[in-house]
Amino acid sequence: TGINDKTTWRFATKAAGPAAGATALTVAADGSADFTTVQGAIDSVPTGNTQRVVITVKKGTYNELVYIGATRPFITVRGEDRAQTVVGYANNNSLNGTTATRAAFGLAANDSILENITIRNPTPQGGSQAEAVFTGALRVMLNRVNLLSRQDTLLTNTGTAFITDSYIEGNVDFMWGT
């Protein structure tokens with residue numbers, strides 16, 4: 001029968017998005033910025049990008065899976081406030097059964113940066129393996145981030161990662177990989 005109530009599902013669009021080739025994008029859950037989701041901002045970056053694009057994420061909680069694919073290098077995701085900018089989703093091995101797909105935030109693009117932000121995978125204790133962040137690229141940087149999960153919080157699988165001034169909380173194998 002579909003959706004009959006006009007207030008059940010509503011959305012609005014902006015008259016225009018950011019300019020093509022923009023190197024600064026903003027995300028705000030309340031609709032006051034370029035995007036309302038982190039993934040939407042990432043998806044707007046052209047594949048094969050050759051210049052740094054900084055995505056500023058305003059304070060708030062963003063319940064979403066985020067993935068920066070290998071074809072979108074040079075992306076920085078920067079939170080407005082490390083403790084009050086929280087991105088994540090209860091993704092885990094029961095839902096997506098490989099290490100590359102079960103994290104709340106996946107970084108497969110070279111030269112990716114996460115900074116000043118909290119990434120959380122709220123899969124409960126006793127659930128299944130559930131990374132907050134998966135990295136599988138060269139020159140990934142995690143700077144001033146909080147990574148929170150119960151099991152396998154941070155997986156640096158292939159490539160290289162530099163992690164500084166960060167807090168990583170977990171329970172079982174909370175930092176692992178190559």
Side-chain angles (χ1 to χ4, degrees), residues 25-29 35-43 45 53-70 72-178:
L25 304 169
T26 306
V27 177
F35 297 91
T36 57
T37 66
V38 178
Q39 190 65 56
I42 290 165
D43 290 346
V45 176
V53 175
V54 177
I55 298 170
T56 301
V57 184
K58 297 289 192 173
K59 294 177 192 175
T61 300
Y62 300 83
N63 294 310
E64 60 178 302
L65 292 174
V66 180
Y67 180 72
I68 301 178
R72 288 190 166 91
F74 303 109
I75 292 179
T76 297
V77 176
R78 178 182 297 147
E80 180 180 36
D81 181 283
R82 179 174 172 172
Q84 295 181 50
T85 305
V86 181
V87 178
Y89 194 81
N91 196 16
N92 55 63
N93 199 65
S94 297
L95 297 172
N96 291 298
T98 70
T99 55
T101 60
R102 68 181 182 214
F105 203 117
L107 299 162
N110 294 339
D111 304 294
S112 297
I113 298 173
L114 285 179
E115 60 186 12
N116 205 46
I117 196 166
T118 295
I119 308 297
R120 182 173 180 264
N121 188 326
T123 297
Q125 182 70 33
S128 62
Q129 292 173 286
E131 288 83 4
V133 170
F134 164 86
T135 69
L138 296 171
R139 298 173 303 276
V140 172
M141 183 171 155
L142 306 178
N143 182 28
R144 297 182 322 273
V145 299
N146 297 331
L147 306 180
L148 312 172
S149 187
R150 300 306 318 151
Q151 184 172 343
D152 300 340
T153 306
L154 171 63
L155 169 55
T156 56
N157 197 29
T158 58
T160 54
F162 178 73
I163 303 160
T164 185
D165 297 328
S166 294
Y167 175 81
I168 302 168
E169 178 181 294
N171 205 9
V172 179
D173 299 332
F174 61 95
M175 292 187 300
W176 69 293
T178 55

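- Taken from CD1 in Ile117 to CD in Glu80, the straight-line distance is 11.0 Å, to the nearest 0.5 Å.
- Of the N and O atoms on the side chains of Arg102 and Asn93, at least one donor lies less than 3.5 Å from an acceptor on the other residue.
- In this view, Leu65 and Tyr89, Asn91 satisfy the side-chain contact (heavy atoms from CB on, under 4.5 Å) rule, not counting sequence neighbours.
- Between the side chain of Glu64 and the backbone N or O of Thr37, no donor-acceptor pair lies under 3.5 Å.
- Summarising the geometry, atom CD belonging to Gln151 is positioned 8.5 Å from atom CD belonging to Glu131; distances are rounded to the nearest 0.5 Å.
- One distance of note links OG1 of Thr76 with CG of Leu25; it measures 11.0 Å at 0.5 Å rounding.
- Ser94 and Asn92 make their closest contact through N-OD1, 3.0 Å (heavy atoms, listed as atom of the first residue, atom of the second, distance).
- Residue Gly88 comes nearest to Ala104 through the heavy atom pair CA-CB, 4.0 Å, listed as atom of the first residue, atom of the second, then distance.
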- request: Given side-chain contact (heavy atoms from CB on, under 4.5 Å), test Phe174 with Glu169 step by step and report yes or no.
  value: CA-CA 7 Å; Phe174 61 95; Glu169 178 181 294; over 6 Å; no
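- Remark: Thr99 OG1 to Leu155 CG distance equals 5.5 Å, nearest 0.5 Å.
- The minimum heavy-atom distance between Thr85 and Gly79, with the atom names listed, is CG2-CA, 3.9 Å.
- Once rounded to the nearest 0.5 Å, the distance linking CZ of Arg78 with CD of Glu115 reads 4.0 Å.
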message: What verdict does the side-chain contact (heavy atoms from CB on, under 4.5 Å) test give for Ile68 and Val77, after you've listed the backbone C-alpha separation in whole Å, the side-chain angles of each residue and the deciding distance to 0.1 Å?
response: CA-CA 10 Å; Ile68 301 178; Val77 176; 4.2 Å; yes
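- Residue Ile55 holds its CD1 atom at 5.0 Å from CD1 of Ile42, rounded to the nearest 0.5 Å.
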Counting only pairs under 3.5 Å, give me each side-chain donor-acceptor contact of residues 132-147, with atom names and distances, residues two or more places apart or in other chains.
unit_1, atom_1, unit_2, atom_2, d
Arg139, NE, Asp111, OD1, 2.6
Arg139, NH2, Asp111, OD2, 3.1
Asn146, OD1, Arg82, NE, 2.9
Asn146, OD1, Arg82, NH2, 3.0
Asn146, ND2, Thr118, OG1, 3.1

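- When every heavy atom of Arg72 is checked against every heavy atom of Asp43, the shortest pair comes out as NH2-O, 3.2 Å.
- When all heavy atoms of Thr123 and Arg150 are compared, the closest pair comes out as O-CG, 3.4 Å.
- Considering all non-hydrogen atoms of both residues, Ala103 and Asn121 come closest at C-ND2, 4.5 Å.
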message: Between Asn63 and Thr61, does the side-chain contact (heavy atoms from CB on, under 4.5 Å) criterion hold? Intermediate values first, please.
response: CA-CA 6 Å; Asn63 294 310; Thr61 300; 3.8 Å; yes
